[in-house]
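Report on the following structure.
Since the model is a prediction, treat every value here as computed from it, not as a measurement.
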Amino acid sequence: MSRYDPATTEARWRQAWDEAGVFTARRDEAKPKYYVLEMFPYPSGRIHMGHVRNYTMGDVVARYKSSCGFSVLHPMGWDAFGMPAENAAMEKGGHPKEWTYGNIAVMRDQMKPLGLSIDWSREFATCDPEYYGQQQSMFIDFMDKGLVYRKNAVVNWDPVDMTVLANEQVIDGKGWRSGAVVERRELTQWFFRISDFAGELLEALDGLKDWPEKVRLMQANWIGKSRGLQFAFDTVGAPEGFDRLEVYTTRPDTLMGASFAAISPDHPLAKALEATDPKVAEFVAECRRIGTSEEALEKAEKKGWDTGIRVRHPLDSSWELPVYIANFILMDYGTGAIFGCPAHDQRDFDFATKYGLPIPPVFVAEDAQEAALAEAFVPMKSERVRYVRGFAGEGVQTGDEAVNAAIDHAEANGYGKGVTNYRLRDWGISRQRYWGCPIPVVHCADCGVVAEKKENLPVRLPDDVSFDVPGNPLDRHPTWRDCACPSCGKAARRETDTMDTFVDSSWYYARFTSPRAATPTDAADVDYWMNVDQYIGGIEHAILHLLYSRFFARAMHICGHLPAKAIEPFNALFTQGMVTHETYATRGADGRPVWQLPEDVIRDETGARLKDGTPVEVGPSIKMSKSKKNVVDPMDIITRYGADTARWFVMSDSPPERDVEWTASGAEATHKHLSRVWRLAHEVTTRGEGNPAHDTDLLRAMHKTIAEVTTGIEGFAFNKAVAKLYEFTNTFAKSDASAAAKRTAMLTMAQLMSPMVPHLSEDIWSMLGGSGLVAGAPWPKADPAMLVEDSVTLPIQINGKRRAEITVPKDMPPAEVEKIALADESVIKFLAGQPVKKLIVVPGRIVNVVV
RNA sequence: GCCCGCGUGGUGGAAUGGUAGACACAGGGGACUUAAAAUCCCUAGGCCGAAAGGCCAUGCCGGUUCGAGUCCGGCCGCGGGUACCA
């Protein structure tokens with residue numbers, strides 16, 4: 001063999017690893033453990049470059065930690081429930097189960113050639129009854145501990161298809177299939193009490209030192225702790241039972257700037273008015289057509305309906321404010337009712353302007369006069385302002401001080417109380433869909449809602465279902481719902497809601513520690529393996545998945561399924577960027593774009609066209625998605641160049657947290673580089689003796705590379721580690737050191753490359769007579785003595801511009817450096833006799849002369 | 001709308017507040033070859049200049065600093081999330 005030949009060698013190495021069992025995770029009490037986990041994939045059909053990038057990153061960490069002496073757990077599974085399986089069944093026929101397991105088989109076959117160091121013996125899918133049965137068992141535990149309840153909540157209702165729609169399926173307020181205007185509808189649904197944990201989930205963020213700051217910030221904002229005032233207005237002209245209207249505000253200091261009150265269309269008062277007044281009903285119905293997503297509500301034009309009801313101002317009972325029903329007030333936050341202060345809130349300002357309401361300012365900038373406002377004046381709460389209509393505290397104070405003074409004033413005078421509120425809402429887990437984990441409860445006419453007996457678990461999904469009509473097949477199944485009440489034994493009906501798929505992904509990391517246990521977790525295994533030491537996944541999961549998992553771990557701990565140390569399940573988190581590609585489109589007869597696959601497009605300097613010459617429009621590089629067809633099948637690259645080329649490419653160039661653009665030329669160049677390394681290694685075995693006088697230079701470079709690559713991998717700077725390996729390759733190629741030194745250097749290079757390109761590294765390792773497998777060799781250590789430099793080059797700046805440089809011994813005292821710098825020819829020339837005002841010497845870094 | 005990011009040559013990117021552009025891709029030039037491929041060498045931010053060198057330059061506008069890609073304030077553009085996409 002005399003050339004790099006991944007097509008034949010890669011499969012051989014994978015077999016060698018399997019036979020040696022190097023990736024089987026073992027509980028070894030003598031070793032420190034390391035649990036590395038990448039967010040498991042949804043089995044959509046085929047793997048894409050994003051998967052390759054995500055799983056290669058995890059694999060680099062897993063292989064590196066393994067060679068550092070850790071007992072590593074690196075598992076893989078499938079987040080297998082979800083809507084696409086049902087959509088496929090509706091569109092193409094077939095069964096979600098077959099579609100899902102078929103996709104899993106394909107994707108597993110595509111992943112295996114990547115040579116990931118995964119312990120495949122632990123694989124499972126969340127749609128396996130063995131998995132979701134354990135989840136049902138925990139649901140019942142959660143019920144016992146009071147963590148679950150039912151209440152009414154709104155869903156998107158498609159009145160034509162007679163089905164519930166996900167927010168994603170609502171496009172511009174219309175159902176994606178029927179095109180019908182979507183309505184809001186209330187259903188009784190199941191909830192987890194995550195909001196009981198709001199304070200704890202917020203405070204514990206501080207302890208997540210190895211999470212990205214941005215993720216902690218996003219979660220903190222999402223939980224949204226606020227301190228404010230809750231009080232009640234007395235109403236005038238309201239229906240019976242609505243004598244008072246409770247409101248919550250985070251800005252009680254602006255109470256004197258109130259100009260209206262507003263309630264949510266879902267507020268009980270709005271519902272009472274709706275029942276008797278058709279015009280209110282019409283307005284409320286219009287509000288309900290906006291949809292349920294926060295984005296849709298916030299972006300919709302702000303509209304209100306004057307109910308005619310008035311409320312008395314708590315500080316002046318002769319002052320009456322109108323009460324509006326407003327489409328932007330959320331029933332889920334606070335009390336579902338607010339007072340509007342248009343002078344200091346832009347949304348209220350727009351509303352007041354629209355409906356001709358007064359805009360009295362409460363405070364002005366510290367040095368300003370009161371004047372009519374062109375827009376709301378909303379300074380930071382920490383800023384000092386002058387209160388012109390204050391009622392609590394000093395005239396000039398910060399917003400924070402005034403808020404506290406207002407709360408104190410309300411409490412002292414008995415018209416309100418300080419309340420801590422959270423934006424975080426309880427987690428609604430009910431889905432009116434088939435392909436999910438059935439909620440294991442039974443509805444009995446006599447006993448009410450009763451949990452299924454644990455010995456009857458799993459409550460299995462029936463296989464005989466059809467998707468030819470919209471709606472939930474469980475609900476219309478002829479027999480599946482029929483069952484015996486677990487409590488009294490009489491005929492009863494099963495719950496037909498299934499669980500949100502976020503439930504499935506909220507504990508899979510724990511299940512990986514003992515995937516075949518007869519209980520959700522096994523105490524000894526979970527104690528040894530938890531926590532996940534390094535979790536890796538997309539930034540799009542920064543809030544929901546990660547917050548739900550943090551809640552779920554706490555709930556599991558309460559039910560005895562996780563030890564106390566695991567209530568924060570992920571010690572370190574890394575969020576990686578996406579893989580993007582240019583988009584290509586031709587135009588259809590109607591002028592709309594027809595997306596084209598990159599493999600069908602011929603791309604050169606002159607532009608892009610199809611093989612038949614049809615011109616192609618080139619669009620921006622965006623996240624690879626099936627709908628835009630800008631996907632590159634990694635299998636093509638793997639087949640053509642080998643897995644290591646795909647792995648090396650996704651690890652090089654782009655920093656892992658940033659998006660990376662896929663280019664075909666990049667893959668080819670990557671392959672050339674790997675071939676070059678292989679060739680250089682091969683030459684070590686064929687070339688004669690070099691010159692031992694140059695050994696030290698090569699070995700110094702080698703030790704420097706060990707240090708830099710190690711730092712790079714530890715810090716998730718894989719692109720920099722790769723760059724350093726390129727640099728060392730160039731040094732190596734130019735070196736004519738002795739054969740022995742070159743052999744040492746190349747064996748080390750193989751080790752340093754092995755987390756990224758494990759197959760090629762094994763090739764080189766065996767070619768040069770390394771012992772055993774690289775996969776089993778300990779990570780090389782840099783010799784500190786070889787890293788020391790004795791002289792350093794310092795740039796000299798004059799007034800901040802670089803004008804010269806000097807080379808001095810590394811430890812030269814600053815006073816000496818000053819002398820040499822000022823004596824430098826170019827410096828003298830630039831100074832031209834001007835006196836030196838200031839001289840800054842940063843040892844080892846820079847000299848700056850200020851004149 | 002709101003929350004969180006990101007923005008550096010033709011391209012991907014590098015740079016504990018201290019020489020902006022490491023490393024690589026694409027490009028240009030050359031060597032080898034009958035030729036091509038492969039490989040190797042050189043070159044390379046922009047503008048001015050024969051050169052030495054100078055000026056400009058990290059999305060835009062300001063600020064802090066001896067010194068700002070990096071810190072602060074305000075814009076613009078792009079991306080992620082927005083609770084039923086996963």
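Among B/G1, B/C41, B/G18, the nucleotide with an atom closest to any side-chain atom of A/Lys734 is B/C41. In this structure, the nucleotide among B/A86, B/C84, B/C66 sitting nearest to the side chain of A/Ile840 is B/C66. The nucleotide whose nearest atom lies closest to any side-chain atom of A/Glu540 is, among B/C84, B/A38, B/G80, B/G80. You'll find that the side chain of A/Asn221 is closest to B/C4, out of B/G13, B/C4, B/A86. The side chain of A/Ala166 lies closest to B/C85 when the candidates are B/C85, B/G12, B/U39. Of the candidates B/A20, B/A38, B/C4, the closest approach to any side-chain atom of A/Lys214 belongs to B/C4. Taking only side-chain atoms of A/Met218, from C-beta outward, the nucleotide of B/G18, B/A83, B/C4 with the closest atom is B/C4.
The glycosidic torsion of B/G5 lies more than 90° away from 0, which places this base in the anti conformation.
A donor and an acceptor atom never sit less than 3.5 Å apart when one is taken from the side chain of A/Arg423 and the other from the base of B/U82. Judged by distance alone with a 3.5 Å cut-off, no donor-acceptor contact links the side chain of A/Arg658 to the base of B/C6. Within 3.5 Å, a donor on the side chain of A/Gln432 pairs with an acceptor on the base of B/C84, or the reverse. Between the side chain of A/Glu294 and the base of B/G1, at least one donor-acceptor pair of N or O atoms lies under 3.5 Å. Contact annotation: side chain of A/Gln219 to base of B/C3, donor-acceptor pair absent below 3.5 Å.
Comparing A/Val722 and A/Leu794 against RNA chain B, the residue whose closest nucleotide sits nearer the 5' end is A/Leu794.
At a threshold of 4.0 angstrom between heavy atoms, the contacts of A/Lys837 with the nucleic acid are absent. A/Trp222 comes within 4.0 angstrom of a nucleotide base, judged by non-hydrogen atoms across all strands. Using a 4.0 Å heavy-atom distance criterion, A/Phe830 is classed as a sugar-phosphate-only contact. Looking at heavy-atom distances under 4.0 Å, A/Lys299 makes contact with a base. Nucleic acid contact class of A/Pro655 (heavy atoms, under 4.0 Å, all strands): sugar-phosphate only. At a threshold of 4.0 angstrom between heavy atoms, the contacts of A/His541 include nucleobase atoms, whether or not backbone atoms are also involved. The residue A/Gln189 sits close to a base: some heavy atom pair falls under 4.0 Å. Within 4.0 Å (heavy atoms only), A/Phe502 reaches at least one base atom of the nucleic acid. Residue contacts for A/Gly428: at a heavy-atom cut-off of 4.0 Å it reaches the sugar-phosphate backbone alone, with no base atom in range. Nucleic acid contact for A/Ser675: none, since no nucleic acid atom lies under 4.0 Å from a heavy atom of the residue. Contacts of A/Val155 with the nucleic acid, taken as non-hydrogen atoms under 4.0 Å apart, include base atoms. Note on A/Val215: nothing from the nucleic acid sits closer than 4.0 angstrom, heavy atoms only. If you check every strand for non-hydrogen atoms under 4.0 Å, A/Ile796 touches nothing. Residue contacts for A/Asp332: at a heavy-atom cut-off of 4.0 Å it reaches no nucleic acid atom on any strand shown.
Checking each of A/Trp190, A/Phe191, A/Tyr548 against A/Trp427 for a ring pair (Phe, Tyr, Trp, His ring centres under 6.0 Å) leaves exactly one that passes, namely A/Tyr548.
Residues A/Arg53 and A/Ser654 are in side-chain contact: their nearest non-hydrogen atoms beyond the backbone lie under 4.5 Å apart. Using a 4.5 Å heavy-atom threshold, the side chains of A/Val154 and A/Arg185 count as separate. Residues A/His541 and A/Met39 meet the side-chain proximity criterion, which asks for heavy atoms closer than 4.5 Å. The shortest distance between side-chain heavy atoms of A/Gln432 and A/Asp497 falls below 4.5 Å.
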Every protein N/O within reach of nucleotides 44-48 of chain B N/O, cut-off under 3.5 Å:
none

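B/C6 and B/G73: their P atoms are spaced 14 Å apart (whole Å). Straight-line distance between the C1' atoms of B/G69 and B/U16: roughly 15 Å, to the nearest whole Å. Spacing between B/G62 and B/G27 at atom P, rounded to whole Å, works out to 40 Å. Atom name P, nucleotides B/C40 and B/A50: the rounded distance is 36 Å, in whole Å. Between B/A83 and B/U11, the two C1' atoms lie 39 Å apart (nearest whole Å). Rounded to a whole angstrom, the distance from the C1' atom of B/G77 to that of B/U8 is 16 Å.
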Report task. For A/Thr163 and A/Asp158, run side-chain hydrogen bond (donor to acceptor under 3.5 Å, both in side chains): C-alpha distance rounded to whole Å, both residues' side-chain angles, the deciding distance at 0.1 Å, then the answer. Result -> CA-CA 5 Å; A/Thr163 185; A/Asp158 185 321; over 6 Å; no
Query raised in the report: Are A/Ser505 and A/Asp79 close enough, and set up right, to give a side-chain hydrogen bond (donor to acceptor under 3.5 Å, both in side chains), and what steps lead you there?
Result: CA-CA 7 Å; A/Ser505 56; A/Asp79 187 15; 4.7 Å; no
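For A/Arg803 and B/G54, the shortest distance from a side-chain N or O to OP1 or OP2 is below 4.0 Å. Applying the 4.0 Å criterion to OP1 and OP2 of B/C40, one finds that A/Arg676 has a side-chain N or O inside that range. OP1 or OP2 of B/A24 has at least one side-chain nitrogen or oxygen of A/Asn730 nearer than 4.0 Å. OP1 and OP2 of B/G18 both lie 4.0 Å or more from every side-chain N or O belonging to A/Asn848. Put simply, A/Lys720 has no side-chain N or O that comes within less than 4.0 Å of OP1 or OP2 on B/A14. Within the 4.0 Å cut-off from OP1 or OP2 of B/C56, at least one side-chain nitrogen or oxygen of A/Lys801 is found. Contact annotation: A/Ser654 side-chain N/O to B/G12 OP1/OP2 distance is not under 4.0 Å. Residue A/Arg425 places no side-chain N or O under 4.0 Å from the OP1 or OP2 atom of B/A83. In this model, the phosphate group of B/A86 is approached by a side-chain N or O of A/Thr501 to a distance below 4.0 Å at OP1 or OP2.
Atom CD of A/Glu825 is surrounded by 12 or fewer heavy atoms from other residues, nucleotides or ligands within 6.0 Å.
The CZ atom of A/Phe328 sits 12 Å away from the C1' atom of B/G1 (whole-angstrom rounding). If you measure from atom CG of A/Leu217 to atom P of B/G81, you get 18 Å, rounded to the nearest angstrom.
Looking at A/Lys302 and A/Asp350, no side-chain N of the basic residue comes within less than 4.0 Å of a carboxylate O on the acidic one, giving no salt bridge. We find that A/Lys299 and A/Glu294 are not joined by a salt bridge, their nearest charged nitrogen and carboxylate oxygen being 4.0 Å or further apart. Salt bridge annotation for A/Glu727-A/Lys720: absent, with no cationic side-chain nitrogen under 4.0 angstrom from a carboxylate oxygen. Taking the charged nitrogens against the carboxylate oxygens, A/Asp345 and A/Arg251 have no contact shorter than 4.0 Å, which rules out a salt bridge. Under a 4.0 Å N-O distance rule, the pair A/Glu668/A/Arg640 does not qualify as a salt bridge.
Side-chain atoms of A/Thr729 come within 3.5 Å of backbone atoms of A/Leu725 as a donor-acceptor pair (strictly under, hydrogens ignored).
Secondary structure note: stems in RNA chain B built from 3 or more consecutive Watson-Crick or G-U wobble pairs under 3.5 Å occupy B:1-7 with B:76-82, B:10-12 with B:23-25, B:27-31 with B:39-43, B:45-48 with B:53-56, B:59-63 with B:71-75.
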